[in-house]
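Reading through the structure tokens given below for one structure.
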Amino acid sequence: MSGLPQSQVAEAVSFTLNRLSQSGVLALSSQPGIVIESPKRPEWGDFSSNVAMLLASQVRQAPMKIGEVLAGELQREWPHLFSRVDVASPGFLNFTLNPLCWIQVLQSIQEFGLLFGTSRVGKGQRILLEFVSANPTGPLHVGHGRGAALGQALANVLQASGFSVEREYYINDAGRQLLLLGQSVLARYREKLGKGTGFPEDGYHGDYIKEIADALIRTRQSALLDLPAEEAERMCAMEASALLLDRIRQDLSRFGIGFEIWFSETQLHESGKIQQAFDLLRQKHLLEQRDGAWWFCSSRFGDEKDRVAQKQDGSYTYLAADIAYHREKLGRGYDTLINVWGADHHGYIPRMEAAVQAFGFPKETLKVVLVQMVSLLRGGQKVEMSKRAGEFVTLREVLDEVGPDAAKFFFLMRRADTHLDFDLDLAKQQSADNPVYYVQYAHARLASLFRVAQDRGYHLPRIEEVKTDFLLQEEELGLIKRLAHYPTVVEGSAVALEPHRLTFYLQELAAQLHAYYNRHRVLPPLSVTERSESTEGVSESSEFPEEPESEESREHSSEKISSDVTSARLAILRQVQTVIRNGLTLLGVSAPEKM
RNA sequence: GCGCCCGUAGCUCAGUUGGAUAGAGCAUCGGCCUUCUAAGCCGAGGGUCGCAGGUUCGAUUCCUGCCGGGCGCACCA
């Protein structure tokens, strides 16, 4: 979408810089990365750039002087784009665009619709995004919910930016944790049948274990008591993990999260992939036997020490499986692997980076996004969760309480690597204080406006049908500029792997919309009342007071709504609605027509 | 002890990869509905960007050292 003003400015600057370089006016050895940003203050124009300052050392001239030259050239060469280019100390270029440029933003939104905001920066690079991947040893809890919301939003934002994304869930269905699950279930099973023999040391304590035991009693009666303990444990583990995985799938599907691939760890063992990975590492002398165990030499790639991959007793550690798993993923030909992990696993990153490098891929092939913990607040108090006692709030409970939309939005309101306080009361509240309602309401409010407009016989105009002057009033222009920023936000969220930027953007856009909506009418009032007659003399005057300051609400009621104004506003607001809808969609949140 | 993350308004947090005079929401206080959804808007107060150095035209942002908080440091996952 290079037709957008910001890209046009960047292209213009780049082009002019090249030309000045070739003609010898500026002696450039290399062109700096041109960053066009939106300045904080309106006096600094629509966009600004620091190129002149970046160039100063290279060209050996004062930034202000370079700025002057550039500003002059740019204005001369691109008169349709710039209405002015200023140089501000210590050397900023401030661009003020020809207002007409903004119209094409509206046209672009109108034309691209659902696709507005998409780009091709990803160039079709293939990304494997692995997230949630909770062990099937218990139900999903809130922390997993945050990972799920983040993963999905990341996938959406990356896809919108031209990456080809596949989502994967790694099922940890082998190893000690699963055994422990089997032991825990069997222990409960025995207890319930009056044959209790104690509970495993680090067993799973949650009530769901008892429910699974009940289910086993229903289907198998007391049959498991006759089996050898090991076999009974294995059977319990299989049954329990199948049940729990099924429950995880249900929760995720209710949360609106889907995966292309569900990858099972057991498969790695059974297909010999772990053995293969080991053979390869041995060949490369990255796997060494010491003290009867096999060590992965991760320290050669910057890890602080080597790690055991195969224990003295011959069994594999979880690391062995993960090494093989990452080799498996790399072998599928992705350009980048992204893992969304709980922040408590951060110490594990160097190990996995080592594995990736051991197989001949650059370290950057693997990107890990860390998700910090979630605390739930109710009545201003933290809801206590203790993993040891098996007391944690499940994702399902949160969904029951606040619904998927609010849950997702709240999970995405903070940067992933900072701790999140999730206020359950706020998430349920139907007021402007609740950010998700606030944004959704903006969308619904517009939907409602359009319904009323159509009931009253207005048709919703296309941009081309509207008189330009009425689109370019100050506040309308403000809205358009905000809309123009949207594609940059989507791209930034994708490249930085930070979807929370989109959440913030939507709140800002909604705020601007609500303010606008409150201040300006779109449709003329239905009936002429005595009050409007009594102020008619004032409101009909062609000159509006400059800035009424404290009299803004009065401006609202006295504003004259011609049919040109109505259609211009309808046209702009439709594009606002499109952008809100698109943004919410990328976050996985619905955009309701009615609330 | 070592490593990673965090420290910005009373609270919860943004800060566009190093830019110009530091931003939002909540909370507090004061206003706005006979007219398109008040699930909304307008206004006010509130800051040593943890501290101290360094890098440069310029630092909340990068580097070093402290202080404070969280997490991790298994032949568990």
Side-chain angles (χ1 to χ4, degrees), chain A residues 35 37-41 43-44 48 50 53-54 56-57 62-63 88-92 94 135 137 172 175-178 180 202 291-295 304-305 307-313 315-319 321-322 342-350 370 372-373 377 413-415 417-421 423 426 429-435 437-438 440-442 444-453 455-456 485 488-489 492 495-496 500-501 503-504 507-508 511 513-519 521-529 531-532 549-550 552-554 556-557 566 594-595:
Chain A
V35 180
E37 47 182 14
S38 308
K40 292 181 201 154
R41 311 177 74 81
E43 310 91 89
W44 297 335
S48 66
N50 59 355
M53 286 178 282
L54 294 180
S57 61
S89 170
F92 287 102
N94 291 335
N135 294 358
T137 53
N172 244 285
R176 201 181 99 87
Q177 296 305 319
L178 210 76
L180 213 50
D202 305 310
D291 312 325
W294 286 91
W295 297 71
E304 53 185 53
K305 57 181 178 185
R307 312 283 174 175
V308 173
Q310 191 172 16
K311 304 178 217 171
Q312 283 179 340
D313 67 5
S315 63
Y316 295 121
T317 64
Y318 59 92
L319 176 64
D322 275 352
D344 53 344
H345 288 65
H346 65 80
Y348 198 65
I349 295 174
L370 294 176
Q372 265 294 355
M373 285 183 51
L377 302 182
M413 278 198 312
R414 299 278 174 267
R415 237 174 44 210
D417 62 358
T418 65
H419 183 100
L420 171 68
D421 284 327
D423 188 332
L426 180 61
Q429 205 169 306
Q430 304 199 342
S431 75
D433 294 350
N434 182 350
Y437 277 91
Y438 185 78
Q440 289 183 312
Y441 178 50
R445 218 177 187 186
L446 291 175
S448 167
L449 168 65
F450 301 147
R451 280 193 299 272
V452 173
D455 285 350
R456 283 172 57 179
H485 195 51
T488 315
V489 174
V495 172
H500 75 276
R501 295 187 188 188
T503 316
F504 278 89
Q507 292 182 78
E508 288 160 8
L513 180 272
H514 284 308
Y516 180 86
Y517 187 92
N518 220 269
R519 204 170 144 114
R521 284 197 63 88
V522 175
L523 309 173
L526 258 185
S527 58
V528 179
T529 64
R531 187 163 148 270
S532 71
E549 295 284 352
S550 60
E552 279 145 9
S553 56
R554 201 165 306 170
H556 176 288
S557 55
T566 294
K594 252 182 199 165
M595 284 172 78

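Order of the sequence lines fixes the chain letters, A, B, ..., with proteins taken first and strands second; residue numbering starts at 1 for each chain.
Look at B:C66: its glycosidic torsion is beyond 90° from 0, and that puts it in the anti range. Syn is the glycosidic conformation of B:U17, whose angle stays within 90° of 0.
Among all heavy-atom pairs drawn from A:Y438 and A:Q507, the shortest one is CE2-O, 3.8 Å. Pairing each heavy atom of A:P435 with each of A:M413, the nearest pair is CG-SD, 3.6 Å. Residues A:L426 and A:N434 come closest through the heavy atom pair O-ND2, 2.9 Å. For A:V522 against A:T566, the heavy-atom pair with the smallest separation is O-OG1, 2.7 Å. Of all heavy-atom pairs between A:A293 and A:K311, the closest is CB-C, 4.2 Å.
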Expected string for nucleotides 15-23 of chain B under the B/S/- scheme (protein heavy atoms, under 4.0 Å, primed atoms plus P, OP1, OP2 as sugar-phosphate) is SBB-BBB--
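The gap from the C1' atom of B:G47 to that of B:G7 amounts to 15 Å, rounded to the nearest Å. If you take atom C1' in B:U56 and the same atom in B:C62, they sit 11 Å apart, rounded to whole Å. Taking atom P on both B:A22 and B:G54, the two are 22 Å apart, rounded to the nearest angstrom. Remark: the separation of the C1' atoms in B:U60 and B:G50 is 12 Å, to the nearest Å. On the P atoms, B:A59 is 14 Å away from B:G18, given to the nearest whole Å. For the P atoms, the distance from B:G23 to B:U35 is 37 Å, rounded to whole Å. Atom C1' of B:A39 sits at a distance of 45 Å from the matching atom of B:G58, rounded to the whole Å. One P atom belongs to B:G65, the other to B:G3, and the distance between them is 9 Å to the nearest Å.
One can place NE2 of A:H345 at 10 Å from C1' of B:G72, the figure rounded to the nearest angstrom. Rounded to whole Å, atom P of B:U12 lies 10 Å from atom CG of A:L377. At whole-Å resolution of the value, CG in A:L319 and P in B:C75 are 11 Å apart. With rounding to whole Å, A:L426 atom CG is found 13 Å from B:C11 atom C1'. Protein atom CD of A:Q429 is 14 Å distant from nucleotide atom C1' of B:A38, rounded to whole Å. Between the C1' atom of B:G72 and the CG atom of A:D417 lies a distance of 15 Å, rounded to the nearest Å. Rounded to an integer number of Å, the gap from A:Q310 CD to B:C75 P is 14 Å. Whole-Å rounding puts the A:L420 CG to B:U12 C1' distance at 10 Å.
Contacts of A:V522 with the nucleic acid, taken as non-hydrogen atoms under 4.0 Å apart, include base atoms. Using a 4.0 Å heavy-atom criterion, one finds that A:Y438 contacts the sugar-phosphate atoms exclusively. Across all strands shown, A:A453 has no heavy atoms under 4.0 Å from either base or sugar-phosphate atoms.
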Working note: A:K594 + A:R451, criterion side-chain contact (heavy atoms from CB on, under 4.5 Å); need CA distance, chi angles, decisive distance, verdict. CA-CA 10 Å; A:K594 252 182 199 165; A:R451 280 193 299 272; 3.3 Å; yes
query = Yes or no on salt bridge (charged side-chain N to carboxylate O under 4.0 Å, His left out) for A:D322 and A:R307, after CA distance, side-chain angles and deciding distance?
reply = CA-CA 12 Å; A:D322 275 352; A:R307 312 283 174 175; over 6 Å; no
Derivation and outcome, side-chain contact (heavy atoms from CB on, under 4.5 Å), residues A:Q430 and A:M595: CA-CA 10 Å; A:Q430 304 199 342; A:M595 284 172 78; over 6 Å; no
Using the side-chain contact (heavy atoms from CB on, under 4.5 Å) rule, take A:L54 and A:V35 through it: C-alpha gap first, then chi angles, then the decisive distance, then the call. CA-CA 10 Å; A:L54 294 180; A:V35 180; over 6 Å; no
Q: Determine, step by step, whether A:D202 and A:L180 satisfy the side-chain contact (heavy atoms from CB on, under 4.5 Å) criterion, reporting the C-alpha distance in whole Å, the side-chain angles of both residues, the deciding distance to 0.1 Å, and the verdict.
A: CA-CA 7 Å; A:D202 305 310; A:L180 213 50; 3.9 Å; yes
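Of the candidates B:C75, B:C26, B:C73, B:C75 carries the atom nearest the A:D291 side chain, counting heavy atoms from C-beta on. Closest contact between the side chain of A:R414 and the listed nucleotides B:U12, B:C73, B:C42 involves B:U12. Side chain of A:Y437, nearest nucleotide from B:C4, B:A39, B:C6: B:A39. Checked against B:U35, B:G72, B:C76, the side chain of A:H346 finds its nearest nucleotide in B:G72.
When the side-chain nitrogen and oxygen atoms of A:R519 are compared with OP1 and OP2 of B:C32, none of them lie within a distance under 4.0 Å. Using a 4.0 Å cut-off, no side-chain N or O of A:K305 falls inside it from OP1 or OP2 of B:G3.
In this structure a side-chain-to-backbone donor-acceptor pair under 3.5 Å is present from A:R521 to A:L523.
Interatomic distance, A:W44 CH2 to A:E37 CD, rounded to the nearest 0.5 Å: 10.5 Å.
In RNA chain B, stems built from 3 or more consecutive Watson-Crick or G-U wobble pairs, each with both distances under 3.5 Å, span B:1-5 with B:69-73, B:10-13 with B:23-26, B:28-32 with B:40-44, B:50-54 with B:62-66.
When each of A:S448 and A:H514 is assigned the nucleotide of RNA chain B with its nearest heavy atom, A:S448 is the one assigned upstream, toward the 5' end. Judged by closest nucleotide on RNA chain B, A:E508 is the one of A:A293 and A:E508 placed further toward the 5' end.
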